[in-house]
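Keep in mind that what you see is a predicted model, and the values were worked out from it rather than measured. We count ligands from 1, going down the list as the structure has it; atoms in each ligand are counted the same way.
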Amino acid sequence: MEKNEMKDILEKMAKALISGNEAGVKELTQQALALGIKGREILDNGLLAGMDVVGMQFKAGQMFIPEVLLCARTMHGAMDILKPFLSKGDAAGFGKVLIGTVEGDLHDIGKNIVAMMMQGAGFQVVDLGVNLTPQAFVDAVKAHKPDIVGMSALLTTTMPKMAETIDALQEAGLRDQLKIMAGGAPVTQAFVDKIGADAYGADAASASEKAKALLASR
Ligand code: B12
């Protein structure tokens, strides 16, 4: 196949993903595979190239949450087709993220967006849900062995649970093998520093970027 032809189809795929065209992206993914383009190539230069633009536009205020969610769903649809064509090494390279909202807190809209964006960026994400006790985080870390734990809190009254969760992970002897991220509207970089987490995520786009940077720095 011509190199230009390959570039063309991957560019079309990225554009279709940015516009949230789920059926179009699925079809282009299938076409690309039929043309013999490697799974990793489709992921990096088609889908992830598109998601990068989505992340940038969201950050710049040019795209809004419902559109981002649609793009993330589009990405999921394509990933279902692509997964069998990715080698084990490709999948392992992304890292596993365990994410949840802390005890006493039921807000999950932001956490869900972060989970979707991270999945879109290629991470394996285990979403534990809401109202998670420090012990629930500890148990889940033991069960899933993630690279990163992400905590979300939307209430000033539940923010201290983030610190308690880190303490519980420390006591269980799990802290050193993990990177910990924290986010949610009332959470700040200063708070994250104070409780000894590794990174603060102000929004879903920067959460993915910081997760990548954390794993690259290990
Ligand atoms: C929707 C909402 C609800 C819904 C939640 C539905 C749901 N399924 O989530 C309902 C109605 C259930 C609710 C209930 C309550 N709420 Co409420 N709620 C909100 C509201 C309006 C929006 C929150 C939201 O979803 N924002 C949109 C998302 C996309 O933004 P986000 O969560 O900040 O997430 C982004 C970033 O923070 C970051 N991020 C988030 N999590 C994470 C995690 C990681 C790891 C990383 C890296 C990044 C990251 O990325 C996200 C995407 O960009 C806010 C007001 C506001 N404007 O924030 C109040 C608000 C948070 N609620 C508030 C309150 C007081 C309550 C209640 C106590 C009300 C009551 N008296 O019953 C209850 C508490 C229930 C409980 N135990 O949790 C207050 C909190 C005040 C405070 N200082 O603590 C707020 C600020 C409203 C206000 N001004 O008073 N609420």
Side-chain angles (χ1 to χ4, degrees), residues 20 51-73 75-76 94-134 136-138 140-141 144 146-169 174-175 178-218:
M51 274 316 266
D52 277 350
V53 176
V54 172
M56 282 187 288
Q57 293 194 350
F58 179 58
K59 229 170 156 178
Q62 293 159 347
M63 211 184 236
F64 301 98
I65 288 164
E67 296 161 288
V68 174
L69 289 178
L70 190 62
C71 296
R73 205 178 69 193
M75 176 86 190
H76 284 185
F94 299 146
K96 196 193 262 189
V97 180
L98 204 142
I99 191 164
T101 303
V102 297
E103 186 176 8
D105 204 320
L106 303 176
H107 295 85
D108 67 356
I109 298 170
K111 184 259 304 162
N112 293 347
I113 296 173
V114 172
M116 278 197 192
M117 282 290 272
M118 283 188 165
Q119 227 163 15
F123 289 95
Q124 196 187 331
V125 177
V126 181
D127 187 345
L128 300 172
V130 297
N131 194 19
L132 296 160
T133 60
F137 275 102
V138 168
V141 166
H144 297 284
D147 303 289
I148 297 177
V149 169
M151 297 182 287
S152 184
L154 264 284
L155 299 171
T156 43
T157 48
T158 57
M159 282 167 70
K161 288 290 171 189
M162 292 182 151
E164 281 180 38
T165 302
I166 295 179
D167 288 348
L169 288 167
L174 300 166
R175 172 68 182 101
L178 291 170
K179 296 289 181 189
I180 299 183
M181 297 182 70
V187 178
T188 59
Q189 180 68 54
F191 179 75
V192 163
D193 292 342
K194 195 176 114 196
I195 65 173
D198 300 302
Y200 163 61
D203 55 51
S206 63
S208 288
E209 275 167 29
K210 290 203 176 171
K212 278 186 208 158
L214 280 178
L215 294 189
S217 71
R218 282 196 308 184

Shortest non-hydrogen separation from [X] to [Y] and the atoms involved:
X      : Y      : result
Ile195 : Ala163 : CG2-CB, 3.7 Å
Val102 : Ala153 : CG2-CB, 3.8 Å
Phe137 : Gly100 : CZ-O, 3.8 Å
Arg175 : Gly196 : NH2-O, 3.0 Å
Met159 : Val187 : CE-CA, 4.2 Å
Ala185 : Leu154 : CB-CD1, 3.8 Å

Below 4.0 angstrom from a heavy atom of [X], which ligand 1 atoms are there? Numbered from 1 as shown, please.
X      : value
Gly150 : 45 (C)
Ile113 : 29 (C)
Ala185 : 33 (O), 37 (O)
Asp203 : 38 (C), 50 (O), 53 (O)
Ala204 : 50 (O), 52 (C), 53 (O)
Ala207 : 47 (C)

So is there a nitrogen or oxygen of [X] less than 3.5 Å from a nitrogen or oxygen in ligand 1?
X      : answer
Ser152 : yes
Met181 : no
Gly104 : yes

Subject >> Interatomic spacing from CG in Asp52 to CE in Met56 - rounded to 0.5 Å >> reply: 6.0 Å
Subject >> CG on Asp193 to CG on Asp198, rounded to 0.5 Å >> reply: 10.5 Å
[atom]: which protein heavy atom is closest, and how many Å away?
atom                    : result
atom 38 (C) of ligand 1 : Ala202 O, 3.7 Å
atom 30 (O) of ligand 1 : Gly110 CA, 4.3 Å
atom 48 (C) of ligand 1 : Gly201 O, 3.2 Å
atom 8 (N) of ligand 1  : Asp108 OD1, 2.7 Å
atom 27 (C) of ligand 1 : Ile109 CG2, 4.5 Å
atom 76 (C) of ligand 1 : Leu106 N, 3.5 Å
atom 83 (N) of ligand 1 : Thr156 OG1, 3.3 Å
atom 39 (N) of ligand 1 : Gly184 N, 3.4 Å

So, do [X] and [Y] sit near enough that their side-chain heavy atoms are less than 4.5 Å apart?
X      : Y      : value
Leu132 : Met151 : no
Leu106 : Asn131 : yes
Pro146 : Val141 : yes
Ile99  : Ser152 : no
Met63  : Cys71  : yes

Original post:
Can you list the residues that meet the side chain to side chain donor-acceptor pair (under 3.5 Å) rule with Glu67, with sequence neighbours excluded?
Top reply: none
Pairs of donor and acceptor atoms involving the side chains of residues 107-121, under 3.5 Å and at least two apart or interchain, shall be tabulated with distances.
residue : atom : partner : partner atom : Å
His107  : ND1  : Asp105  : OD1          : 2.8
Lys111  : NZ   : Asp127  : OD1          : 2.9
Lys111  : NZ   : Asp127  : OD2          : 3.1
Asn112  : ND2  : Asp108  : O            : 3.1
Gln119  : OE1  : His76   : NE2          : 2.9

Original post:
Do any pairs count as a salt bridge (charged side-chain N to carboxylate O under 4.0 Å, His left out) and have a residue in residues 203-216, sequence neighbours left out, and if so which ones?
Top reply: Lys59-Glu209
Original post:
For ligand 1, which part of Asp105 has a heavy atom less than 4.0 Å away: the side chain, the backbone, both, or neither?
Top reply: both
**OP:** Could you tell me whether Ile65 approaches ligand 1 through its side chain, its backbone, both or neither, with non-hydrogen atoms closer than 4.0 Å?
**Re:** side chain
**OP:** Provide the protein N, O or S atoms situated under 2.8 Å from atom 17 (Co) of ligand 1; waters are not included.
**Re:** His107 NE2
**OP:** Could you tell me whether atom 88 (C) of ligand 1 has at least one protein heavy atom nearer than 4.0 Å?
**Re:** no
Original post:
Would a search of protein heavy atoms around atom 19 (C) of ligand 1 find one under 4.0 Å away?
Top reply: yes
Original post:
So, the side chain of Lys161 versus the backbone of Gly104: is there a donor-acceptor pair under 3.5 Å, distance only?
Top reply: no
Original post:
Of the listed options (Met151, Lys210, Met159), which comes nearest to atom 43 (C) of ligand 1 when hydrogens are ignored and any heavy atom counts?
Top reply: Met151
Subject >> The one among Val114, Leu98, Thr101, Thr157 that brings a heavy atom closest to atom 50 (O) of ligand 1 >> reply: Val114
**OP:** Report yes or no: does Ser206 have a heavy atom closer than 4.0 Å to ligand 1?
**Re:** no
Original post:
Does even one non-hydrogen atom of Pro186 get within less than 4.0 Å of ligand 1?
Top reply: no
